[in-house]
Amino acid sequence: MHQDEKIAIIGAGPVGLTTALGLARRGVPCVVYESLHGIAREQRGAAFHPPTLEMLHELGVGEPLMKMGLRIPVWQMRDRVNGVYAEFDLGVLADATDFPFRFH
Ligand SMILES: Cc1cc2nc3c(=O)[nH]c(=O)nc-3n(C[C@H](O)[C@H](O)[C@H](O)COP(=O)(O)OP(=O)(O)OC[C@H]3O[C@@H](n4cnc5c(N)ncnc54)[C@H](O)[C@@H]3O)c2cc1C
């Protein structure tokens, strides 16, 4: 890659911005193009799962994030008629990840 060249990333959503951060951390020049005037501010990411938390910690932004929310080891899916129809205990992943919970 020539020293004046940059990787073009189209879209400043979570994927584009995380990719840009990962490249920047490795010293790879990049530029992010976004068709909106700013970053989308509506709520689209209420919950983070273990692999995402692992990645964000590797990128150095996990610690500040962890101060902003709640750790939820057990979460459920419900319907309005029969209530709970699935329950996930991420605590069983404790041997596999430092983040055996959903983060809200
Ligand atoms: C209501 C809602 C709730 C959600 N809740 C969760 C949740 O709790 N947890 C979770 O993990 N995920 C959640 N999601 C999903 C999550 O928001 C998406 O998976 C994530 O936003 C996808 O990221 P992305 O960067 O691929 O795309 P996007 O977030 O869609 O970003 C793409 C960006 O590219 C820009 N763009 C598009 N075309 C061009 C172009 N030609 N030139 C320049 N810019 C362009 C767009 O304007 C946009 O800003 C939710 C989604 C919605 C809608």
Side-chain angles (χ1 to χ4, degrees):
M1 201 166 144
H2 190 271
Q3 64 178 18
D4 295 331
E5 291 177 330
K6 292 180 180 171
I7 291 177
I9 298 171
I10 312 303
V15 171
L17 292 178
T18 305
T19 302
L21 179 60
L23 290 171
R25 288 271 197 266
R26 290 165 176 77
V28 179
C30 59
V31 58
V32 180
Y33 294 96
E34 170 55 54
S35 57
L36 300 176
H37 291 296
I39 301 173
R41 292 288 178 194
E42 70 268 27
Q43 174 62 270
R44 288 189 204 166
F48 295 79
H49 288 259
T52 308
L53 294 170
E54 289 171 358
M55 179 185 65
L56 293 177
H57 275 75
E58 281 174 24
L59 290 169
V61 296
E63 282 303 323
L65 177 72
M66 301 309 287
K67 294 178 181 146
M68 296 177 175
L70 300 171
R71 297 167 189 229
I72 310 291
V74 179
W75 63 283
Q76 299 170 334
M77 300 179 95
R78 298 166 175 253
D79 68 33
R80 293 178 185 174
V81 177
N82 298 312
V84 176
Y85 65 89
E87 183 170 273
F88 299 84
D89 180 1
L90 297 183
V92 301
L93 300 176
D95 290 341
T97 176
D98 291 336
F99 311 100
F101 48 81
R102 243 163 77 132
F103 190 70
H104 290 202

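One is the number of the first residue; the rest follow in order along the sequence. Computed from heavy atoms alone, side chains included, the values below leave out hydrogens, waters and symmetry copies.
Hydrophobic clustering (ILVMFWY, side-chain heavy atoms < 4.5 Å, transitive): Phe103 and Val74 are in distinct clusters. No path of Ile, Leu, Val, Met, Phe, Trp and Tyr side chains, each step under 4.5 Å between heavy atoms, connects Met55 with Val15, placing them in separate hydrophobic clusters. Cluster annotation: Val61 and Leu23 are assigned to distinct hydrophobic clusters (Ile/Leu/Val/Met/Phe/Trp/Tyr, side-chain heavy-atom contacts under 4.5 Å, transitive). Using a 4.5 Å cut-off between side-chain heavy atoms of Ile, Leu, Val, Met, Phe, Trp and Tyr, with links allowed through other members, Leu17 and Leu56 fall into different hydrophobic clusters. Linking Ile, Leu, Val, Met, Phe, Trp and Tyr whenever their side-chain heavy atoms come within less than 4.5 Å leaves Leu65 and Ile72 in two separate clusters.
Pro50 and Leu93 make their closest contact through CG-CD1, 4.3 Å (heavy atoms, listed as atom of the first residue, atom of the second, distance). Residue Ala12 comes nearest to Ile39 through the heavy atom pair O-CG2, 4.2 Å, listed as atom of the first residue, atom of the second, then distance. Across all their heavy atoms, Glu54 and Ala96 have their closest contact at OE2-O, 4.3 Å. For the pair Gly16 and Ile9, the tightest heavy-atom approach, listed with the atom from each and the gap, is CA-CG2, 3.6 Å.
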Taking distance alone, no hydrogens or angles, what donor-acceptor pairs closer than 3.5 Å link side-chain atoms of residues 76-92 to residues at least two apart or in another chain?
unit_1 : atom_1 : unit_2 : atom_2 : d
Gln76  : OE1    : Arg78  : NE     : 3.1
Gln76  : OE1    : Arg78  : NH2    : 2.7
Gln76  : NE2    : Glu87  : OE1    : 2.8
Asp79  : OD1    : Val81  : N      : 3.0
Asp79  : OD1    : Asn82  : N      : 2.6
Asp79  : OD1    : Gly83  : N      : 3.3
Asp89  : OD1    : Gly91  : N      : 2.8

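Listed by chain and residue number, nothing satisfies the side-chain hydrogen bond (donor to acceptor under 3.5 Å, both in side chains) test with Thr18 (two or more places apart in sequence, or in another chain).
The CG atom of Leu53 lies 11.0 Å from the CZ atom of Arg102; values are rounded to the nearest 0.5 Å.
Sorted by first then second residue, the ring-ring contact (aromatic ring centres under 6.0 Å, His included) pairs that include residues 23-58, not counting sequence neighbours, are His49-Trp75, His57-Phe99.
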